[in-house]
Number of protein chains: 2
Amino acid sequence: MDSGPGWELWRTFGAVMRAGSLSGAARMLGLTQPTAGRHIAELEAALGAGALFTRSARGLQPTETALALASESEAMAAAAAALVRTASAPADAMTGVVRISVSEVIGAEVLPPILAALRAQHPGLIIELLLTNASSDLLRRDADLAIRMTEPRQQALLIKSVGRIRLGFYAHRDYLSRAGSIGSAADLERHAIIGFDQDAASIRSIEAAWPDLPCFALRTDNQLAQLALIRAGCGIGVMQDPIAHRDPALVSVLPEDFQARMSVWIAMHEDLRSTRRMRLVFDALVSGMTAHIKAGSERQR
Amino acid sequence: MDSGPGWELWRTFGAVMRAGSLSGAARMLGLTQPTAGRHIAELEAALGAGALFTRSARGLQPTETALALASESEAMAAAAAALVRTASAPADAMTGVVRISVSEVIGAEVLPPILAALRAQHPGLIIELLLTNASSDLLRRDADLAIRMTEPRQQALLIKSVGRIRLGFYAHRDYLSRAGSIGSAADLERHAIIGFDQDAASIRSIEAAWPDLPCFALRTDNQLAQLALIRAGCGIGVMQDPIAHRDPALVSVLPEDFQARMSVWIAMHEDLRSTRRMRLVFDALVSGMTAHIKAGSERQR
DNA sequence: GAGCAGCTATACAGAATCGTATGGACAGCG
DNA sequence: CGCTGTCCATACGATTCTGTATAGCTGCTC
């Protein structure tokens with residue numbers, strides 16, 4: 001039985017794909033360039049599917065065959081990383097690594113206090129935050145846990161719905177006193193709206209929710225920057241109610257005309273159920289996010 | 001940057017998990033027992049999460065920590081196997097390995113002629129058939145393509161619906177002439193019904209479709225055995241119309257009272273789109289299954 | 001209880017792998 | 001144009017890893 005080429009070869013293959021050169025890959029992995037070169041040569045010989053790369057003096061360029069392997073190679077790397085995480089502590093311990101995938105806003109604005117409380121109780125926990133708006137793959141184990149705004153419809157995932165976050169338009173009161181307050185939606189024409197730049201999906205969802213919105217005056221795809229712009233009094237933008245309500249200087253704009261809700265789920269791979277720290281963090285995220293959503297329904301005093 | 005333990009160590013870890021012993025794992029991988037033992041020891045040292053196995057004179061028993069790693073380890077092995085498959089030929093060639101996951105009935109009764117025609121056109125294709133009724137994981141790449149009877153609701157999958165297969169009750173004419181023909185559903189009480197033994201999901205779906213069915217007289221979870229029993233004249237059972245119609249000796253029983261439809265999808269991982277042979281087999285499955293379903297709507301002559 | 005079969009652990013020699021050192025090629029820059 | 005930085009390919013010595021051989025343990029069978 002031929003069990004294929006050595007797995008170490010696949011590791012350097014992945015590194016070469018990402019680095020674009022043997023030397024770069026060797027630096028990544030703590031090897032030397034000749035070793036990386038030997039690995040690739042051995043891999044090509046073992047596969048017998050022709051060359052994987054075309055060598056040049058400024059690096060290795062992947063052939064079509066190598067490109068077809070790219071995503072699968074990353075999946076293997078993700079699996080290896082997940083193994084290391086899961087094995088970072090005994091399964092029944094409250095120590096070790098947990099990797100959480102969340103959106104930028106949640107990760108920067110909502111999670112820190114939740115995680116702080118969690119780590120105060122369990123100092124051995126190590127949290128890795130993967131801040132990305134593109135939903136990374138839980139099944140592929142790019143992360144152990146995830147907070148999702150779209151319902152994960154996949155088997156093999158442990159899912160808990162925690163409610164819906166209210167969204168609204170907000171502006172700093174200094175901005176409003178400067179640019180003039182707003183009585184009706186028609187007044188928005190005179191105002192600076194903060195929105196997205198190129199993120200087509202977000203733009204479309206905003207347009208779907210509020211079709212008669214004037215076009216964005218300030219554009220960025222970075223949602224944290226949007227929040228900062230609002231707080232700095234640059235204009236009017238979309239904000240989660242619970243986040244806005246923390247700052248008394250932020251004023252809700254046309255709360256009747258512009259509101260939306262965003263459902264929130266916490267998801268975890270089923271296999272992690274028996275790993276105690278994963279379950280612990282899962283429960284902490286559920287209760288923390290529930291509290292966060294609840295805070296949004298109360299106005300600041 | 002510490003990039004974790006060597007991937008080869010994970011490979012022997014997986015083998016030890018499956019074999020239950022160092023010696024068995026070594027035989028699987030073409031290594032020797034001392035090497036396997038060294039690998040595990042090195043892995044335990046590298047992870048620092050305590051022992052992965054408790055050694056005994058009759059093998060290695062996984063600890064809870066090791067059990068938590070089992071499924072992820074298999075995912076890594078699946079990724080490695082998928083890499084070997086994808087790299088078994090140049091991406092633009094019509095040769096190489098394609099692994100298909102299908103149900104036992106489809107795999108044994110429907111696919112063979114489709115695959116025969118395909119291989120006649122492209123002799124370089126190597127087909128691996130994974131016959132399992134439990135839907136294996138496409139995202140985890142246990143297989144490259146799959147024929148599914150439930151709609152795959154996952155991103156990153158290329159899905160094509162090919163229609164619905166009609167199901168009905170059938171019996172061999174010899175059986176009916178021996179046991180008496182059937183005029184109404186009440187007559188079924190006197191007859192031998194072929195059905196499932198322990199497969200709770202299948203039993204429930206049958207009961208949902210035909211609530212007033214007498215209990216099964218002949219039981220097996222192996223659907224191929226069910227077909228064989230029907231063909232041998234043992235009794236009445238559920239059969240796909242297109243399969244039944246091939247054999248003039250099979251007679252439809254109460255076609256008005258007992259009928260159902262089973263939707264069929266062909267699914268493939270998105271990443272394989274650019275691999276030409278995968279696309280080829282995908283298209284062949286689509287057209288082949290479409291033809292199969294169409295054949296079910298015509299009675300045999 | 002002796003014998004057998006299966007397993008793990010250890011010692012040591014051989015083989016495969018790796019790193020160092022070097023040469024050659026190419027692109028960017030002053 | 002020459003210099004520099006980066007890259008790949010090759011040769012050779014050192015290290016690491018692997019396999020063989022052996023001892024010890026356990027459970028089963030006769």
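Reminder, nothing fancy here: chain letters follow the sequence lines and each chain counts from 1. Keep in mind that this is a model prediction, so the values were computed, not measured.
- For B:L22, the side-chain atoms get nearest to C:dT8 when compared with the rest of C:dT8, C:dC12, D:dT10.
- Of all the heavy atoms in B:P112 and B:G107, the pair that sits closest is CD-O, 3.2 Å.
- Looking at the side chain of B:P34, the nearest of the listed nucleotides C:dC18, C:dT10, C:dA21 is C:dT10.
- Relative to the side chain of B:R27, the nucleotides D:dT18, C:dA9, C:dC7 differ in distance, and C:dC7 lies closest.
- Closest to the B:A57 side chain, of the nucleotides D:dC8, C:dT8, D:dT26, is D:dT26.
- B:E74 and B:R18 are not joined by a salt bridge, as no carboxylate oxygen comes within less than 4.0 angstrom of a charged side-chain nitrogen.
- In this structure, the nucleotide among D:dT26, C:dC7, C:dG19 sitting nearest to the side chain of A:R38 is C:dG19.
- Side-chain atoms of A:R58 stay outside donor-acceptor range of the base of D:dG5, with no qualifying N/O pair under 3.5 Å.
- The residue from A:R273, A:R279, A:R85, A:R277 that alone fulfils the salt bridge (Lys or Arg N to Asp or Glu O under 4.0 Å) condition with A:D144 is A:R85.
- Within the nucleic acid shown, A:G59 comes within 4.0 Å of sugar-phosphate atoms alone, with no base atom in reach, counting heavy atoms only.
- Taking 4.0 Å as the cut-off between side-chain N and carboxylate O, A:R141 and A:E270 do not count as a salt-bridged pair.
- Within the 4.0 angstrom heavy-atom criterion, only backbone atoms of the sugar-phosphate kind lie near B:G30; the bases stay farther away.
- Regarding A:H39, its NE2 atom lies at a distance of 8 Å from the C1' atom of C:dC18, rounded to whole Å.
- Within the 4.0 angstrom heavy-atom criterion, only backbone atoms of the sugar-phosphate kind lie near A:S23; the bases stay farther away.
- A:T32 comes within 4.0 angstrom of a base, heavy atoms only.
- Out of C:dA11, D:dC8, D:dC7, the shortest distance to the side chain of A:Q33 is found at D:dC8.
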